[in-house]
Amino acid sequence: MESIQRIINTLLRNPTLIKSKSEAKQIHAQILKSFPIYIYTPTLLSIYSKLNLLPESLILFNTTLPSPPLLAWKSIIKCYSSNASFLQSLNSFLKMRALGIHHDRNVFPSVLKSCTHLMFFKFGESVHACVIRVGLESDVFIGNALLSMYSKFALQVFDESPKRRTVDQNETILVSSDTAGQNHKKCEKIDEIMCGKHKMQSVRKVFETMPERDVVSYNTLILGYAQSNMYNEALMMIKEMGKANLKPDAFTLSNVLPVVAEYMDVWKGKEIHGYGVRHGFHTNEYIVSGLTDVYANCNMVEDSYRLFSLLPKKDCVSWCSIIAACVQNGLFDEGLRLFREMLSANIKPVPISFSSIIPACGHLTALPLGQQLHGYIIRSHFEDNMYIASSLVHMYARCGNIKLAMRIFDTMKQHDLVSWTAMIMGCALHGHAYDAISLFEQMEMEEGFRPNSVAFVAVLTACSHAGMVNEGLKFFNKMVKEYKITPDIEHYACIADLLGRAGKLEEAFGFICSMPENKTASSVWLPLLAACRVHKNVELAEKVAMHICEFDTGANLLLSNTYSSVGRYKDAADSRRRSSSRKKPAGPAWIKALGGMHIYVKENIKGPVVYSLINNMEEFWESSKMGYQDRGIIPLLYVILLINPIHSFRNLSSSNMVSEH
DNA sequence: GTAGGGTTAG
């Protein structure tokens, strides 16, 4: 008996020796068997709490009622906060204080963490004040928790939507004063970015006043800088770490990687990659998914894939990262293949998995596949997710089902700039220019969103499709003058297209010539060349083609068509020859045709090649899994390929061909 | 006490 007691006492004095739930339960059982439980309850509770076992901790905590000792309170507050029950954690903290129990240093990090996650600004500040009052501000754990809290608060301001900030109702209940509204009004006047950066400076001050700093302190500040997009400051902190004789760890690297990706700094990415390999971090899922993003953003998706494939243990985020990397780089079928592979690997898709893969269906106009995924989304109860809903709006609009796109948009609980833009673009693509413009105005005037560059592409597209010259120019001017957005190639292309379609060819030419030279890509000149063909203006077409030929081979084809339209067949043949000599293979296409069959077509230098011909998606998945390709060409399809030159064949894959008939 | 991935672009 005595020896058991000795063992138990040793274990209870060193609770870190107990590493698993079953060990904790074993010692609990031994105590129940041999000793009066109440003596050991708080210690046992602290063991369960360290293992983050909330239900077990709660049962024990309730046995300590009505007067739990400090150790019990500390444990339950920590356990609530580690299990994301932040409100309960703060509630317990308040109850503990109300009972006059004197807190110690260990309770504050959990409480501050809860304030951080709940975005309880006032409450967090008052806890900070309490920390100072009891003289614990030099504690490094508490200091780190404060750094984390203020960084997140700075981010909240930084991230704030231009219109309104949602303050958790609960904070008003707990803190009963609402200055958030006033703060918000102030922030509206200041540039959001400056506001976030300004807040980060005060986080830096907290950091500087800390008498002792460890790796976590640096990591936390680096994360704050990274999330506020303060790239240089984040990198500087890594250098400062070195000066303080602290070595960057896996957290440091993965904290800084998102902003490296954002700035597309491939060299810094490689440097970090190298450091990671040298220090054995190259199999860390966090770092690998960060690096995946860096390479994907720098158009080096092959490198992303290599990293991913070398990862011994691939978690849900690793899969999401590589799928998103493919889709964002236009490798839609590869993204779909990986999505399917992920399912085969028994990784359950989470909301982000769907919002990453749905755009691929949109771009491929693969409606049946998109519908299957939509079904999966509904079965998983993810349909309320804003990212997913926006991608569905885009997918259905691109696949020709504007009504369903609209219905999804209308049933969304809340909209953001992206969902509005997806809907506006959907209407624009379907020629519903008035709807698009009225949605844009509703978004801007009634909902108070500040349109960005993409939103203007959408509304300008609507105007150009409907030939609404004045409205288009009005929006363009508004973008430049009112919103101070520097026009991009897409905006110029819309205006050039708009003027061209309206027959104002010379005006369009003048407009493009007045653009900054680095923006005059072929995408701006091509619509004008197409307009020259429609309006049979050969002289201008020749002038325009001169500007394009270095950029693009499609230009010669358009020029050739212009010559044909006025009967100059020899010139037409010449330019067509020039175009065919420069032809590049295009990307693959999905086509639904011929009685509901799906055809997967890829072009090579000789022309289109049919890779698979299938009756349903399941069959396609099967065939792609087995890796056999080149399944032969059925005669009818062959005829289609023969009578359609490659460029028209590509047009077949657009929405009208794929939508449900 | 600290970390990750996502939606819109004629």
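Throughout, a chain's letter reflects where its sequence line sits, starting with A, and its residues are numbered from 1.
- Among the heavy atoms of the strands lying under 4.0 Å from A/R501 is at least one base atom, whether or not backbone atoms are also near.
- At the phosphate of B/dA9, neither OP1 nor OP2 sits under 4.0 Å from any side-chain N or O atom of A/H491.
- Distance CH2 (A/W319) to C1' (B/dG4): 17 Å, rounded to an integer number of Å.
- Computed from coordinates, the A/I424 CD1 to B/dT7 P distance equals 18 Å when rounded to whole Å.
- A/A324 comes within 4.0 angstrom of sugar-phosphate atoms only, judged by non-hydrogen atoms across all strands, and of no base.
- One can place CD1 of A/I287 at 15 Å from C1' of B/dG5, the figure rounded to the nearest angstrom.
- Between the CG atom of A/D416 and the P atom of B/dT7 there is a distance of 12 Å, given to the nearest Å.
- Put simply, NZ on A/K313 is 17 Å from P on B/dG4, counting in whole angstrom units.
- A salt bridge is absent between A/D410 and A/R407; no separation between the charged side-chain nitrogens and carboxylate oxygens falls under 4.0 Å.
- When rounded to the nearest whole Å, the span between CG of A/L291 and C1' of B/dG5 equals 14 Å.
- An aromatic stack links A/F251 and the base of B/dT2, using centre distance under 5.5 Å and interplanar angle under 30°.
- The base of B/dT7 sits with one of its N or O atoms less than 3.5 Å from a complementary donor or acceptor on the side chain of A/S390.
- For A/S289, the side-chain atoms get nearest to B/dG4 when compared with the rest of B/dG6, B/dT8, B/dG4.
- Neither OP1 nor OP2 of B/dA3 sits under 4.0 Å from any side-chain N or O of A/Q227.
- For A/S355 against B/dG6, a side-chain-to-base donor-acceptor contact under 3.5 Å is present.
- Proximity of a side-chain donor or acceptor of A/R398 to a complementary backbone N or O of A/L364 within less than 3.5 Å is not detected.
- Using a 3.5 Å distance cut-off with no hydrogens or angles, the side chains of A/S82 and A/N52 do pair a donor with an acceptor.
- Counting non-hydrogen atoms under 4.0 angstrom, A/N255 reaches the backbone sugars and phosphates but no base.
- Below the 3.5 angstrom threshold, one finds no donor paired with an acceptor across the side chain of A/D293 and the base of B/dG4.
- We find that CE of A/M425 is positioned 16 Å from P of B/dT7, with the value rounded to whole Å.
- The side chain of A/V457 sits closest to B/dA9 out of B/dG6, B/dT7, B/dA9.
- Across the protein-nucleic acid pair, A/I347 atom CD1 and B/dG4 atom P stand 19 Å apart, rounded to whole Å.
- Toward the 5′ end of DNA chain B lies the nearest nucleotide of A/N385, the other residue of the pair A/H363 and A/N385 mapping further downstream.
- Residue A/Q328 places at least one side-chain N or O closer than 4.0 Å to OP1 or OP2 of B/dG6.
- A/S419 and A/D416 share a side-chain donor-acceptor pair at under 3.5 Å.
- Nucleic acid contact class of A/V288 (heavy atoms, under 4.0 Å, all strands): none.
- A close approach under 4.0 Å does occur between a side-chain nitrogen or oxygen of A/K152 and OP1 or OP2 of B/dA3.
- With B/dT7, B/dA3, B/dG5 as the candidates, the nucleotide lying closest to the side chain of A/V350 is B/dG5.
- Remark: A/K478 engages A/E444 in a salt bridge, criterion side-chain N to carboxylate O under 4.0 Å.
- A/D315 contributes a side-chain N or O that forms a donor-acceptor pair with the base of B/dG4 under 3.5 Å.
- A/S254 comes within 4.0 angstrom of a nucleotide base, judged by non-hydrogen atoms across all strands.
- Side-chain atoms of A/S49 come within 3.5 Å of backbone N or O of A/S75 as a donor-acceptor pair.
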